[in-house]
Asker: 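Questions regarding the structure given below will be posed in turn.
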Number of protein chains: 2
Amino acid sequence: MAKNKEAKNLDTSTEEKIIQAASKVFTQKGYVATRTRDIAEESGINLALLNYYFRSKEKLFQLIMAEKLQLLFSVILPIVNNDDLTLEEKMETLVENYINLLVDNPDLPLFVLGEIKANPEGFKERLQVRKLLQNSSFIRQLRERRPDVEPLQFITSLLGMTLFPFIAKQILFADEKTFKIQMEKRKALIGRWAKMMLET
Amino acid sequence: MAKNKEAKNLDTSTEEKIIQAASKVFTQKGYVATRTRDIAEESGINLALLNYYFRSKEKLFQLIMAEKLQLLFSVILPIVNNDDLTLEEKMETLVENYINLLVDNPDLPLFVLGEIKANPEGFKERLQVRKLLQNSSFIRQLRERRPDVEPLQFITSLLGMTLFPFIAKQILFADEKTFKIQMEKRKALIGRWAKMMLET
DNA sequence: AAATATTTTAATCAAATGATTAAAACACAT
DNA sequence: ATGTGTTTTAATCATTTGATTAAAATATTT
């Protein structure tokens, strides 16, 4: 058996190459628009290998999607319940981490939101962002600071300001380079704006 | 010829039924995920009629997309260059009109943005939102008020706060009813927040 | 009512696409 | 080197899907 020898070239193993290609093509084009042949070509391997390794397009997609959801959650989770951070620090860290993530993965928001809309049932279980936020210290802090403002409304704005430019990039920004520059500046901008929005 | 008699039942004419169905299915599922058979079924007509009336799926799609773009533009255009409106009035009207439009057409943003990303070339010509805003009185007023803030950054935030909830609805809000209630409240909220963001 | 034009349908085609299969190429232990 | 198990490929299948066609049904004109 060559089970243990897989590790030697894990980075360039066929399996890994397919995953990398699938990640790229799926996030760029979405599930339905992606043909298994696209992924095979991008991987530099034959079409049959996809089904040999991952059984089906659907299975491969589930793998990639789980990866991407994990990526998005891993930004929120460590922050919203960290009792060592003030409200301001939470907002700043959240925005900065998200923009850092999205500059490297600009297709992520439209991809994930699009797939959720295309198949809401498939995500009902996995996505309890609402429940997750519900009892967070982030929400508690928001309630204390501004008891008159619905926390979810504020969070929606914070996320909207942060994610929306990556969703509407094609429309709003001229080219990739100026976009990245603006996104760097944007970290501080959103931080300031969010604080202003909380003033009485 | 029966050319002039078409008017008698324009609302329920086959052509109109197909357009209505196409509008619904396309905006819900996007171009690639939509099958011409879906539209035919939704119209209550036979598949062959689609190609008889509209020649191809692509042509029908172009028609619907032009309609939707028009819808989105028609909110912005009359406002951003209206010299009778103050900066605050512009922002308030923009937000209110957009939320009104989106409550009735919640699929619009994700649909349009998704299709633009799927085929950027096809929109390069038609979408000069940037140029359109560039010389608007809206931008001029923003520059006067806050010369230190890039206007596009502010507009991105305004649009993000307004559009994002409709894009992330599935994730952030529990059910359709509470969502609509929150969106009504949101008009005033964004208005207030936008003004706060402009304070020095 | 007959003739003509328009609308609608059932049946079918061709291309695209996800998946399978059987055989070839390769790696590695003995 | 040989044999054994693993990896990779070319060829092929079955289904889906956009589109077409020829004929039937319906409406309109004369």
Side-chain angles (χ1 to χ4, degrees), chain A residues 1-65 114-115 118-119 122, chain B residues 1-65 114-115 118-119 122:
Chain A
M1 268 182 277
K3 264 283 177 63
N4 348 19
K5 282 95 189 181
E6 284 173 9
K8 64 176 175 183
N9 57 345
L10 209 152
D11 310 329
T12 54
S13 76
T14 300
E15 191 171 347
E16 187 59 26
K17 276 194 298 184
I18 295 175
I19 291 180
Q20 290 302 324
S23 175
K24 181 176 175 183
V25 181
F26 272 136
T27 51
Q28 246 172 30
K29 318 216 289 182
Y31 181 75
V32 276
T34 295
R35 294 168 304 165
T36 50
R37 282 163 172 82
D38 296 335
I39 300 175
E41 192 181 2
E42 181 76 29
S43 315
I45 54 97
N46 187 284
L47 170 63
L49 264 181
L50 276 182
N51 296 290
Y52 176 78
Y53 274 108
F54 297 98
R55 178 90 178 144
S56 74
K57 178 185 177 183
E58 171 73 17
K59 287 257 173 57
L60 181 52
F61 173 76
Q62 292 299 342
L63 192 77
I64 302 297
M65 177 54 82
E115 298 302 333
N119 178 23
Chain B
M1 266 180 279
K3 263 285 177 62
N4 348 19
K5 279 96 189 180
E6 284 174 7
K8 64 177 176 186
N9 58 344
L10 209 153
D11 311 330
T12 54
S13 75
T14 301
E15 191 171 347
E16 188 58 26
K17 275 194 299 184
I18 295 175
I19 290 180
Q20 290 301 325
S23 174
K24 179 176 176 183
V25 180
F26 273 137
T27 52
Q28 248 173 28
K29 318 216 292 182
Y31 181 75
V32 277
T34 295
R35 293 168 306 167
T36 51
R37 283 163 172 84
D38 296 334
I39 300 175
E41 192 182 2
E42 180 77 28
S43 316
I45 54 97
N46 187 285
L47 169 63
L49 264 181
L50 276 183
N51 296 289
Y52 176 79
Y53 274 108
F54 297 99
R55 177 91 176 142
S56 75
K57 177 186 178 183
E58 171 71 19
K59 287 257 173 58
L60 182 53
F61 173 76
Q62 293 300 342
L63 193 78
I64 302 297
M65 177 54 82
E115 298 302 333
N119 178 22

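In the text below, chain A, chain B and the rest are named by the order of the sequence lines, each starting its count at 1.
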Asker: Write down the distance between CG (Leu50(B)) and P (dT8(C)), rounded to a whole number of angstrom.
Answerer: 12 Å
Asker: Under 4.0 Å between a side-chain N or O of Tyr53(A) and OP1 or OP2 of dT7(D)?
Answerer: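 False: Tyr53(A) side-chain N/O out of range (4.0 Å or more) of dT7(D) OP1/OP2.
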Asker: In this structure, how many angstroms lie between the C1' atom of dA19(D) and the NZ atom of Lys59(B), rounded?
Answerer: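 These atoms are roughly 13 Å apart.
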Asker: How would you summarise protein contacts on nucleotides 9-21 of chain C per nucleotide, using B for base, S for sugar-phosphate only and - for none, with heavy-atom distances below 4.0 Å?
Answerer: BB------BBBBB
Asker: Distance from Glu16(A) atom CD to Ser43(A) atom OG, nearest 0.5 Å?
Answerer: 10.5 Å
Asker: Check the phosphate of dT8(C) against Thr14(B), side-chain N and O only, distance under 4.0 Å to OP1 or OP2. Yes or no?
Answerer: yes
Asker: To the nearest 0.5 angstrom, please state how far the CD1 atom of Ile45(B) sits from the CD1 atom of Ile39(B).
Answerer: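 Ile45(B) atom CD1 to Ile39(B) atom CD1 measures 9.0 Å (nearest 0.5 Å).
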Asker: Quick one: CG on Asn51(B) to OG1 on Thr36(B), what's the gap to the nearest 0.5 Å?
Answerer: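 Atom-to-atom, Asn51(B):CG and Thr36(B):OG1 are 6.5 Å apart.
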Asker: More than 12 heavy atoms of other residues, nucleotides or ligands under 6.0 Å from CD of Glu41(A): is that the case?
Answerer: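 No, because the 6.0 Å sphere around CD of Glu41(A) holds 12 heavy atoms or fewer from other groups.
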Asker: Taking ring pair (Phe, Tyr, Trp, His ring centres under 6.0 Å) as the test, write out the residues that go with Phe61(A), two or more places apart.
Answerer: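 Result, ring pair (Phe, Tyr, Trp, His ring centres under 6.0 Å) vs Phe61(A): Phe26(A), Tyr31(A).
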Asker: Mind checking what makes side-chain hydrogen bond (donor to acceptor under 3.5 Å, both in side chains) contact with Lys29(B), not counting sequence neighbours?
Answerer: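 Scan of Lys29(B) (side-chain hydrogen bond (donor to acceptor under 3.5 Å, both in side chains), adjacent residues dropped) gives Asp38(B).
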Asker: Write down the distance between CD (Glu15(A)) and P (dT6(D)), rounded to a whole number of angstrom.
Answerer: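 So the CD-P distance, Glu15(A) to dT6(D), works out to 15 Å.
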